[in-house]
Amino acid sequence: MNKSVKVVFVIFFIFAGFCVSAQSALSQRYLNSANEKLAQGDYQRAFEYINYVMDTYEPDSIPQEVQVSAENIYYSYLDSVKDEGNSYTFVRIVEKVQKYPVVNSDRVLALIKAISQGETLTPAVSASQEKAEPEVVEKGLSKEDLSEIIKMLEKSNAQRDEKILEQFSQQGKMNQEFLQDAISKSSESQLANSESTQTTIIIVGVVVGVLFLSAIIAFIIIGLHSAKTAKENQKQFTQTLMALANVTESSSVLLGQGSSMRIAASGTGVPAIDLMAQDNSLSSKEREEIKEITAKCVALGREIDTVTGRKNNSKHVAEVIYELSNIFGLSEREILLNFAAALVYDVGFLSVDRNLFYLDRAYTEEERLSLESHTKFQREKLDFIPDRYMEIFENAVQQHHENIDGSGYPGGLKGQEISLIGRMLRIAESYIAMISKRTYREITDKEAAVKELYKYPNLYDISVVELLENII
């Protein structure tokens, strides 16, 4: 009987340990999915996933990583509600903020106040939402209810701040006690060795100073972490757009102040190019027009990336095209239009069934043909592009899957039959896919990606690959 009981206990503990481990792995998967959906702008899914993750923990034991992600998701979702004015979604978020105090940051509370005081909320509720949470739809929130909830949230924030200050104060007292104790001990030893005592006091002072400084830095980092994360996501692309803005003011940004730089592509078949000799004669009206086109292409590129699930793909490809166009010595007009076209070269994907981008099996022949149809040029998707610029955009859309040996699609074009923007995009898209590790797991760095491109002269224009190698 004794042995049987022991065996049962052992089996129970093993099973319990397995369940805990499995639950932890599932929570991590949902946390990763929540962050991915946030990056894609799918705030509703991100909201649902992060709530599931927080439900797996006790309120006081939610990990810092989860707290930071949750606060970021709640703030972004509220910000979208502020623009859309959906009262159902707002009520749902507010009630969850009450349930999960860890997301009740100062900026989340400020946004709740701003929305509740506005006049933009509408009682828009879909049939699926009413069916999923009828009690939320039925309940609603009056202005008085919101006012009471906001007061409770403010009180919760104040209590949290007091707790942090109390902890900080306690840490200061501990440090003071430590300092006093150290000074007392050093005073006793001073009778024996005054020189040693002075050294001890200096060391103690340094240690205490480091402790105070560490505590202050940690406190500041916690407060600024979520804001810093949001800013860093846009930093790189902002720099590129700033460079482009400067280019439209003066072509010297592209060429270098007072420079007579020449680009020699040795062994590439591309002749030496005198950049100063290029046609950069853009009128101020034309510059402003291209600026407006580029801004619209940036927004459309983000929409394409959201649909396809390829985070920041359009801007990364466009940055490569910008550098290649520059080193080719193209005119200012061509460089800027190539950059804009590279932001929207996959615009055809907006007409493809979105479910095809997330299948975890091989495509059927019909599905493959549907995906390949994205290279069919659709004028209405780019109706903001003037006719005089349309050729570059049309070539970008239709030719970025053409291969040098004629084996590509949709036209089976060969060599120089493929436009320059088409040949550059064929390389830039493959290069970005490799270094982002979406499909090429063996590629570990940029140099390895370029070496991989060299292996396929039947697909890629090697002269363009050589120029790409010079700029990475």
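Just so it is clear, the values below take in all heavy atoms, side chains as well, and ignore hydrogens, waters and symmetry mates.
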Quiz item: Are any side-chain N or O atoms of S80 and backbone N or O atoms of Y77, one a donor and one an acceptor, separated by less than 3.5 Å?
Solution: yes
Quiz item: Who pairs with E380 by salt bridge (charged side-chain N to carboxylate O under 4.0 Å, His left out), at least two apart in sequence or on another chain?
Solution: none
Practice problem: Answer yes or no: is there a donor N or O on one side and an acceptor on the other, between the side chain of S76 and the main chain of N72, under 3.5 Å? | Solution: yes
Practice problem: Give a yes or no on whether the backbone of I62 and the side-chain of Q67 come within a donor-acceptor separation of less than 3.5 Å. | Solution: yes
Quiz prompt | Test salt bridge (charged side-chain N to carboxylate O under 4.0 Å, His left out) applied to E289 - qualifying residues, sequence neighbours left out | solution = R388
Quiz item: How would you list, by chain and number, every residue that makes a ring pair (Phe, Tyr, Trp, His ring centres under 6.0 Å) with F357, sequence neighbours excluded?
Solution: F349
Practice problem: For atom CD of E366, decide whether the heavy atoms of other residues, nucleotides or ligands shown that lie under 6.0 angstrom number more than 12. | Solution: no
Quiz item: Does any N or O in the side chain of S69 come within less than 3.5 Å of the main-chain N or O of V66, such that one atom is a donor and the other an acceptor?
Solution: no
Quiz item: Listed by chain and number, what are the side-chain contact (heavy atoms from CB on, under 4.5 Å) partners of E323, not counting sequence neighbours?
Solution: I471
Self-check item: Interatomic spacing from OG in S430 to NE2 in H401 - rounded to 0.5 Å
Solution: 8.0 Å
Quiz item: Under a 4.0 Å N-O cut-off, is there an ion pair linking E303 with K381?
Solution: no
Quiz prompt | Under the ring pair (Phe, Tyr, Trp, His ring centres under 6.0 Å) test, residues paired with F393 that sit two or more places apart | solution = none
Practice problem: Could you tell me whether R368 sits above the aromatic face of Y363, with NZ or CZ closer than 6.0 angstrom to the six-membered ring centre and within 45 degrees of the axis? | Solution: no
Quiz item: Does any N or O in the side chain of D305 come within less than 3.5 Å of the main-chain N or O of S314, such that one atom is a donor and the other an acceptor?
Solution: yes
Quiz item: With respect to L38, which candidate in Y49, Y43, F47 satisfies the side chain to side chain contact (heavy atoms under 4.5 Å, CB included) definition?
Solution: Y43
Exercise. Answer yes or no: are there more than 12 heavy-atom neighbours, outside R354 itself, under 6.0 Å from its atom CZ?
Key: no
Quiz item: So does D79 pair up with R107, basic N to acidic O under 4.0 Å?
Solution: no
Self-check item: E372 atom CD: more than 12 heavy-atom contacts under 6.0 Å
Solution: yes
Quiz prompt | Exam field: side chain R45 to backbone A34, donor-acceptor pair closer than 3.5 Å | solution = no
Quiz item: Between T375, L369, N403, which is the residue that forms a side chain to side chain contact (heavy atoms under 4.5 Å, CB included) with Y409?
Solution: T375
Exercise. Among L468, I472, I427, find the residue that satisfies the side chain to side chain contact (heavy atoms under 4.5 Å, CB included) test when tested with V320.
Key: L468
Quiz prompt | Inter-residue atom distance S419.OG - H400.NE2, 0.5 Å rounding | solution = 11.5 Å
Quiz item: Can you check whether G411's main-chain N or O pairs, donor with acceptor, with E402's side chain at less than 3.5 Å?
Solution: yes
Practice problem: Before accepting this row, confirm whether a basic side-chain N of the pair R310/E429 lies closer than 4.0 Å to the acidic partner's carboxylate O. | Solution: yes
Exercise. Apply ring pair (Phe, Tyr, Trp, His ring centres under 6.0 Å) to Y100 and list each qualifying residue two or more places apart in sequence or on a separate chain.
Key: none
